[in-house]
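Chain letters run A, B, ... following the sequence lines, proteins first, then strands; residues in each count from 1.
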2 protein chains.
Amino acid sequence: MSVVTLRSRRADYSESTRQALVDSAVELFTKRGYAATSLDAVTKRARVTKGALYHHFSGKQALFEAAFSAVETAVLKRLGEVAVAGPGSPWDRAMRGVEAYVQACLEPAYQRIVIHEGPVVMGWERWREAEDHFSYGLIRTVIQSLIEAKEIVELPVEVTARMLFGALSSGATFLANATDPKKASAEVSNAITQVLTGLRIKKDD
Amino acid sequence: MSVVTLRSRRADYSESTRQALVDSAVELFTKRGYAATSLDAVTKRARVTKGALYHHFSGKQALFEAAFSAVETAVLKRLGEVAVAGPGSPWDRAMRGVEAYVQACLEPAYQRIVIHEGPVVMGWERWREAEDHFSYGLIRTVIQSLIEAKEIVELPVEVTARMLFGALSSGATFLANATDPKKASAEVSNAITQVLTGLRIKKDD
DNA sequence: CATCGGTACGTACCGGCGGTATGTCGTACG
DNA sequence: CGTACGACATACCGCCGGTACGTACCGATG
């Protein structure tokens, strides 16, 4: 449906080089960080020149934001299937979501680009706005559903979500740098479970 | 005691210019961020040249670390008086410590230099090592004392401290950007209190 | 008091990098 | 079939971190 006008071959090429630039950016930003990554390195890896880069993006920051969105979109896709959809009570889905998010945080690209460098490169305010549509928005939704379902005590959604977001990110960062990932993973999950259980309202039905 | 050899006037001057450079760096790194701050701007504000800067510091990173330590030392001084020393039970001191730490996080220099840009500029591993001797080390100590005093459930200290650290930082960042700081401050404190209370062991004595 | 060594800077310069201005080639379109 | 526009490539500029080198001044020493 709606395939009225064919997509031109030229547009395909353009989209392809744009994607190559984003992929290259994600790779290098993840490995070396934003500051230590030169645009020449990005274009070289994508087998184009700076002319192409500045044709598709307004500058280095815009390229970073494109990489940011790419990583977030990929992570959120995997995450949404587990936490938002899927069977079970709000509580069960939340617990599965936490588990899945911690796993997602282990991805180096997500850690470095989204969590660590995102606020610094984009500025906290802009980063926050972007995050509303991605991982943070999801966490916020989960918290809200838990409160509305009377699963946990009534807390201000915004603050609670922000702090849980921070705790999860820190936990995942710790986990990613741990010498014993198996053990650390269990510890993180356990700690989060303990905290959320501590906030849980005892059901008497 | 031990004033055997006088401190030379020359050494005083040297220390003074070093301090001026650090102060200038803290100011500019806080206002414009690390990347957007040129060394020329730092030296200009300190009324010296790059020769002086590179005499005292090995480079821009080393200057940042000096600024980092300066901010952390100042914050920790105020914090230690409240949380470590002072009267009351471990629980009471911990609660006062949390309160004080959230307040400390409101300082723009602490937020930007220590929390946000620290891990990015210094690298997470090195940042973590440095933090062991500063705020994180303090939080870790508080958590440990709470567990040893059987005030809260037994959790792995390292993970718990890391995640509480992340939660507090995120909470404070949210608080710093809130439109209604009074209300936000109360919400943050309340949320933290709820979480810690949820982890508390009911004493029956 | 003259000399001398070293510290604490200042000055001049280099290379790399982000960004820009301009040229060029091919493709779709009238 | 010309032509206009999109999709790049090329050449260049200015800023900034870092380095090499020069210099003035303090302090110890004979």
Q) Are the charged groups of B:Glu65 and B:Lys60 less than 4.0 angstrom apart, N to O? A) no

Q | Residue mapping more 5' on DNA chain D - nearest nucleotide basis, A:Gly51 or B:Ala11 | A | A:Gly51

Q. What is the distance, rounded to the nearest whole Å, between atom CD of A:Glu15 and atom C1' of D:dC8?
A. 15 Å

Q) Tell me: CZ of B:Phe57 to C1' of D:dT19, nearest whole Å? A) 18 Å

Q.
Is a donor from one side chain sitting under 3.5 angstrom from an acceptor on the other, for B:Ser135 and B:Tyr110?
A. yes

**Q.** Phosphate-side-chain proximity, B:Thr49 and C:dC9, N/O vs OP1/OP2 below 4.0 Å
**A.** no

**Q.** d(CZ, B:Arg47; P, C:dG10) in whole Å
**A.** 11 Å

Q: For B:Asp40 and C:dT11, give me the distance from atom CG to atom C1', rounded to whole Å.
A: 12 Å

Q. So what does A:Thr37 touch, heavy atoms closer than 4.0 Å: a base, only the sugar-phosphate, or nothing?
A. sugar-phosphate

Q.
Please check if the number of heavy atoms outside A:Glu154 that lie under 6.0 Å from its CD is greater than 12.
A. no

Q: Check whether any side-chain N or O of A:His56 sits under 4.0 Å from OP1 or OP2 of D:dA7, and answer yes or no.
A: no

**Q.** Of the listed nucleotides C:dG10, C:dG18, C:dC9, the one nearest the side chain of A:Lys60
**A.** C:dG18

Q) Is any side-chain N of the basic residue among A:Lys77 and A:Glu72 closer than 4.0 Å to the acidic one's carboxylate O? A) no

(Q) Quick check on D:dC8: is either OP1 or OP2 less than 4.0 Å from any side-chain nitrogen or oxygen of A:Ser14? (A) yes

Q. Is there a donor in the side chain of A:Asp92 and an acceptor in the side chain of A:Ser89, or the other way round, less than 3.5 Å apart?
A. yes

**Q.** Upstream residue (5' side of DNA chain D) when B:Tyr13 and A:Ala52 are each assigned their closest nucleotide
**A.** A:Ala52

Q.
I want to check one thing: is the phosphate of D:dC8, taken as OP1 and OP2, less than 4.0 Å away from some side-chain N or O of A:Thr17?
A. yes

Q) Can you check the A:Arg32 CZ to C:dG16 P distance for me, whole Å? A) 15 Å

Q. Of all the nucleotides listed (D:dT19, C:dG18, D:dA7), which has the minimum atom distance to the side chain of B:Tyr54?
A. D:dT19

Q.
So for B:Lys50 and C:dG10, does any side-chain atom that can act as donor or acceptor lie under 3.5 Å from a complementary atom in the base?
A. no

Q: Return the value, rounded to whole Å, for the distance between atom CG of A:Leu53 and atom C1' of D:dC8.
A: 12 Å

**Q.** Candidates D:dG17, C:dC9, C:dG18 - which lies nearest the side chain of B:Ser38
**A.** D:dG17

Q) If you check the A:His55 side chain, which of C:dG18, D:dG17, D:dC8 turns out closest? A) D:dC8

Q | Between P of D:dC8 and NZ of A:Lys44, the distance in whole Å | A | 20 Å

Q | Atom-to-atom span, CG of A:Leu39 to C1' of C:dC17 - whole angstrom | A | 8 Å

